[in-house]
Amino acid sequence: MQMMHADFSRSTALRTSLKRGLARQALSEADRDSADLPALFALAAGLRPNPKGLDRMAARLRAQRGVTRVAQAACRNALSFTARALRRVEARVQGETAFHETGLIYLRARTERTGGQSCFRISAVSFCGHALERLVERSDLPLKALLPAVDAEAQAIFRSWDRGARIVEDGDEFHPASTPGVWAGGHDAMCLDPDWGLSTADAPSIPVFSARTFLSPAEMRPTVYLRWKNDPTCRIL
């Protein structure tokens with residue numbers, strides 16, 4: 001009797017055995033296709049706030065390496081782009097280095113022209129290798145190329161961030177994932193890279209949600225699960 005592929009991919013043992021390899025593969029693919037952030041910011045700085053200018057800029061940004069999403073604002077005077085890059089992350093606590101890790105960074109920048117100058121508002125989402133492994137192990141995503149799925153998960157976190165849909169409990173922060181589950185982590189800050197050619201006068205650092213792990217419904221605490229499900233019986237007083 002043949003096992004159906006869907007049943008095969010739901011095997012807990014199989015997903016556990018493949019999680020590290022798939023996470024490393026996703027990081028390697030992201031490294032090969034990493035965005036040239038200085039070039040992206042230089043390109044976006046040439047935005048002209050008219051319909052044709054926005055359309056042309058959106059098309060040019062979509063064609064750049066490592067760009068995962070480009071969207072125009074509803075008011076048609078600004079646009080945003082999301083780009084991914086692999087970065088060596090140094091975590092510091094009270095000025096002391098806690099640990100180093102390789103992070104898959106999704107940088108989202110909204111650009112518009114104000115007073116004859118290009119202005120950027122930047123935020124970011126970061127995934128560590130452990131978080132990618134947990135996504136493979138604890139979700140029911142197809143066991144194939146992982147990177148496109150992570151692209152979608154970064155956008156899910158950005159949407160949750162924009163809507164204020166995060167769950168905060170006992171100092172932990174959770175954002176709903178696009179697949180059943182939540183991303184657990186916390187907000188950090190990263191410095192602007194001088195190579196990007198941006199002024200740091202107004203925003204010396206970038207807010208970053210650092211996704212540390214993925215939790216399926218089975219791994220959530222009961223109160224987190226109820227709030228994730230928008231259960232009206234769960235109220236945090």
Side-chain angles (χ1 to χ4, degrees), residues 2-30 68-69 82 84 86 89 91 99 101-106 108 123-188 207-236:
Q2 290 185 335
M3 180 181 290
M4 299 296 293
H5 176 73
D7 295 330
F8 184 68
S9 67
R10 281 195 291 266
S11 166
T12 301
L14 177 65
R15 302 189 76 91
T16 300
S17 67
L18 293 179
K19 65 180 182 180
R20 185 167 298 176
L22 288 173
R24 287 177 176 173
Q25 181 183 33
L27 293 175
S28 296
E29 290 175 2
T68 61
R69 186 173 186 271
T82 303
R84 65 166 127 75
L86 211 62
V89 177
F99 58 88
E101 64 182 352
T102 298
L104 179 54
I105 308 292
Y106 287 81
R108 184 180 64 171
S123 54
V125 169
S126 173
F127 298 93
C128 61
H130 172 82
L132 301 185
E133 291 180 20
R134 291 306 190 200
L135 177 63
V136 173
E137 181 182 15
R138 294 172 171 174
S139 74
D140 58 359
L141 291 171
L143 294 176
K144 52 183 180 180
L146 182 62
L147 192 56
V150 184
D151 292 348
E153 292 302 331
Q155 292 305 320
I157 294 174
F158 281 128
R159 287 194 299 271
S160 170
W161 193 342
D162 292 343
R163 298 195 311 266
R166 66 177 181 165
I167 299 168
V168 180
E169 184 176 296
D170 294 334
D172 298 321
E173 186 170 330
F174 309 88
H175 283 275
S178 63
T179 192
V182 296
W183 290 100
H187 272 277
D188 300 313
V208 184
F209 176 74
S210 299
R212 294 299 177 195
T213 193
F214 174 81
L215 303 176
S216 69
E219 281 86 31
M220 296 181 203
R221 294 196 295 263
T223 49
V224 172
Y225 176 84
L226 290 172
R227 295 178 68 188
W228 173 65
K229 297 291 287 184
N230 292 317
D231 192 306
T233 64
C234 185
R235 294 287 183 269
I236 304 300

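The shown structure was predicted, so the numbers you read here are calculated from the model rather than taken from an experiment. As a basis for the values below, the full set of heavy atoms in this structure was taken, side chains included, without hydrogen atoms, waters or symmetry mates.
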Which heavy atom in [X] sits nearest to a heavy atom in [Y], and how many Å separate them?
X    : Y    : value
F214 : A177 : CE1-CB, 3.7 Å
L146 : L135 : CD1-CD2, 4.1 Å
A211 : A131 : O-CB, 3.5 Å
R84  : A30  : CD-CB, 4.3 Å

Under 4.0 Å between a Lys/Arg side-chain N and an Asp/Glu carboxylate O for D162 and R108?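 Salt bridge flag = yes for R108 with D162.
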I'd like to know if D140 pairs up with R15 as an ion pair, taking the criterion as any Lys NZ or Arg NE/NH1/NH2 lying under 4.0 Å from an Asp or Glu carboxylate oxygen. no
Could you give the side-chain donor-acceptor pairs of residues 21-29 under 3.5 Å, partners two or more places apart or in another chain?
residue, atom, partner, partner atom, Å
S28, OG, R24, O, 3.0

Does T16 use its side chain to pair, donor to acceptor, with the backbone of T12 at less than 3.5 Å?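 Yes, because the side chain of T16 sits within donor-acceptor range (under 3.5 Å) of the backbone of T12.
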State, with a plain yes or no, whether a side-chain heavy atom of L215 is found less than 4.5 Å away from one of R138.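 Yes, side chains in contact.
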Quick one: sort the H175 and W161 rings into parallel, tilted or perpendicular, breaks at 30° and 60°. tilted
Taking the ring centre of each residue, are W183 and F127 less than 6.0 Å apart? yes
Between T68 and D151, is a side chain to side chain donor-acceptor pair (under 3.5 Å) present by the stated rule, with each step listed? CA-CA 7 Å; T68 61; D151 292 348; 5.2 Å; no
With E137 via salt bridge (charged side-chain N to carboxylate O under 4.0 Å, His left out) - residues at least two apart: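 Once residues adjacent in sequence are excluded, the partners of E137 under the salt bridge (charged side-chain N to carboxylate O under 4.0 Å, His left out) criterion are K19, R134.
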